[in-house]
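The structure appears right after this line, and notes come after that.
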Amino acid sequence: MAAVCILDEFEVHKNEEFLKIADELKPELHETVVRPQNMNELAAKQFKRDDQIVLDFGNHQVGYVTLDLSSEGSHQDAPAYIYLRFAERIEELAADPAEYDGWISKSWIQEEHIHVDVLPAKLSLPRRYAFRYLEIKVIDVSMKFSVVINDVYVRAVSAVCQDDISPLKVEDPLLQKVDRVAIRTLQNCMQDVFEDGPKRDRRLWLGDFRLQARANYKTFKNFDLVKRCLYLFGGMTFNEGKISACLFTEPQPEPDDTYLFDFALLYGSALLDYYEETKDEDTLKDLYPVAIRQIEIGLDYLTEDNVIPDRSNEFWCFVDWGEGLNKQAASLAILIYAIRYGIRLAKYMGDTEHIEQLSQKEEELKKSAVDHFWDEKRQLFVSGSERQISWATQVWMILARVFPKEKNRELILRTINVNPRIQMVTPYMYHHYIDALIRSDEKERALNEIRRYWGEMVHDGADTFWEVYNPYNKYESPYGSVMMNSFCHAWSCTPTYFLRKFYEDA
Ligand code: RAM
């Protein structure tokens, strides 16, 4: 059953049975044909050298584009040389791709240079794009003919259909809009798997997936896609049983050789959420050992003092993209959080041995968190040898329930008041902040923060929510340029989860 393939030191264990279950749950994608809103402008144009147009498809789309082209004038005596650029936000078109010099591949920039030797032609582009705007520029024709664009459309694809979701029952128009944009974000990321972003990285990331699944339970309720992803992660572990931080599905399922301590630990939380939604015992039984293994691996990293060693801001534990964020204290908090979910899973499984072991460990680690990281004078948690104070550390300590509720409430209010310099920069981290507020009985404040953060993105023109958004620095990018940021990013879709919980489950 378990096949092993060796890639240097990265040893992948595939559980073919699990992968078969995942494969059988592969979704059929819904297709919708969408045309630009400014077709009239297009119809009136004949394109000569350097002529261009920006088409607006009215909303964020993910799909396959076709252009129907012909020529006007004398017989086509040279290739038509055409440039296409796809953008999720109109602002992206102002940035020059040639200037990108960051650390991730330029190949993510959605642009094409195409020669068309014979017109008329139907140009069906093989790539899938994520965009609202399409810039078409004719780089050159000849003096004797021009290009005419008769038709342009996208076959938009998704595993789900937004029409199936009724509007949020709330008076506040901003929250209604936030909910709609969140659902669009989720829909466009729900493809063959829960992708992190349909522009980039277009793959299944564990941390993103856990949040998408939560939003999906309140909206599309596509349980099969969640189950498929749980089995994909569980079916491809590496080395001592670690789950990869992300995985690829093409040309065949393959885990990435990246381990993220926090993402792997959060697998158990995703499994528990799924079980509580579906009561699918078989899946719980199959995948429970995988979830418990992640906690055991996490515990192996503890030092004799019961802390996780300080690896500063290394990409070993994700937490957030904040510049200079020290992750030592947060990684311990996430381990405690994961243990609590592990205990809940163990209870469903009737696994008394793990209930006892993990409960004891939970108490030890809570004590360790206070002993090592609580700064009595400042009344905040610190992290790392420099005793850094960040938002992320406070939020994760609250979610770990290191303190009782009332003290957690004081802590979150103090954090808001102090406003630590190391900010939260991703909607992923903001999700956990909102969660911490709710768990501290600060529901109204949580709603206001949703208005302030996601609402501000709406004011900044979001059709779908973004990968990175720092209200204090709107040009923040982990990749050296906002051009590379994804503007339809799964981990930002969770306002719909919170809002529907507040207004519809209450
Ligand atoms: C980026 C992506 C992805 C995220 C990882 C940690 O590459 O944005 O969504 O999960 O970082």
Side-chain angles (χ1 to χ4, degrees), residues 60 62 88-89 92 100 102-110 130 182 185-216 226 229-230 232-233 242-249 254-267 269-270 294 311-325 327 330-331 334 338 392 396 424-432 454 457 462 464-470 475-494:
H60 188 276
V62 176
E88 297 184 297
R89 300 182 67 213
E92 281 172 79
Y100 180 69
W103 61 275
I104 60 171
S105 177
K106 280 189 175 80
S107 61
W108 288 116
I109 299 171
Q110 304 183 105
T185 309
L186 176 61
Q187 178 191 16
N188 282 359
C189 292
M190 286 175 75
Q191 302 290 338
D192 176 48
V193 290
F194 283 93
E195 290 182 11
D196 63 331
K199 170 177 112 176
R200 205 220 81 243
D201 305 323
R202 302 163 61 142
R203 72 190 69 138
L204 176 59
W205 279 90
L206 187 39
D208 306 56
F209 158 65
R210 168 174 160 266
L211 302 193
Q212 283 169 292
R214 286 188 169 173
N216 170 53
V226 180
C229 296
L230 285 169
L232 281 171
F233 279 117
K242 284 178 174 152
I243 298 188
S244 173
C246 77
L247 47 90
F248 308 96
T249 48
E254 206 68 61
D256 188 17
D257 51 359
T258 305
Y259 173 71
L260 285 175
F261 179 81
D262 49 347
F263 280 16
L265 283 171
L266 294 170
Y267 181 78
S269 146
Q294 304 317 303
R311 297 173 77 140
S312 178
N313 59 352
E314 253 180 67
F315 195 67
W316 169 80
C317 180
F318 174 65
V319 185
D320 196 16
W321 276 123
E323 186 77 35
L325 171 67
K327 302 171 183 178
S331 57
I334 294 166
W396 273 110
M424 301 174 282
V425 305
T426 59
Y428 175 79
M429 192 56 230
Y430 264 83
H431 166 91
H432 293 104
W454 281 272
M457 269 191 262
T464 45
F465 289 125
W466 309 340
E467 174 182 19
V468 177
Y469 187 64
N470 179 359
Y475 294 94
E476 179 115 15
S477 170
Y479 314 113
S481 163
V482 265
M483 195 187 328
M484 213 43 93
N485 292 8
S486 147
F487 292 102
C488 174
H489 212 72
W491 65 22
S492 65
C493 73
T494 57

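Order of appearance sets the numbers: ligands from 1, and atoms from 1 within every ligand. One-based numbering along the sequence shown.
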Quick one: nearest non-hydrogen protein atom to [atom], plus distance?
atom	result
atom 3 (C) of ligand 1	Asp196 OD2, 3.4 Å
atom 1 (C) of ligand 1	Tyr479 OH, 3.4 Å
atom 10 (O) of ligand 1	Asp208 OD1, 2.6 Å
atom 11 (O) of ligand 1	Trp321 CZ2, 3.4 Å
atom 8 (O) of ligand 1	Glu467 OE2, 2.5 Å
atom 6 (C) of ligand 1	Phe318 CD1, 3.7 Å

Whether the side chain of Ser481 engages the backbone of Met483 through a donor-acceptor N/O pair (distance < 3.5 Å, no angle test) should be reported.
yes
Check each of Cys229, Pro255, Ser244 against Leu204 using the side chain to side chain contact (heavy atoms under 4.5 Å, CB included) test, and report the only one that passes.
Cys229
Let me know which of Leu247, Leu230, Leu232 forms a side chain to side chain contact (heavy atoms under 4.5 Å, CB included) with Phe209.
Leu230
Can you confirm, on distance only, whether ligand 1 has an N/O atom lying under 3.5 Å from any N/O atom belonging to Trp491?
no
Would Asp201 count as being in polar contact with ligand 1, using the rule that some N or O on each side must be under 3.5 angstrom apart?
yes
What class does the angle between the rings of Trp103 and Tyr479 fall in, given that below 30° is parallel, 30 to 60° is tilted and above 60° is perpendicular?
tilted
Under 6.0 Å between ring centres: does that hold for Phe263 and Tyr428?
yes
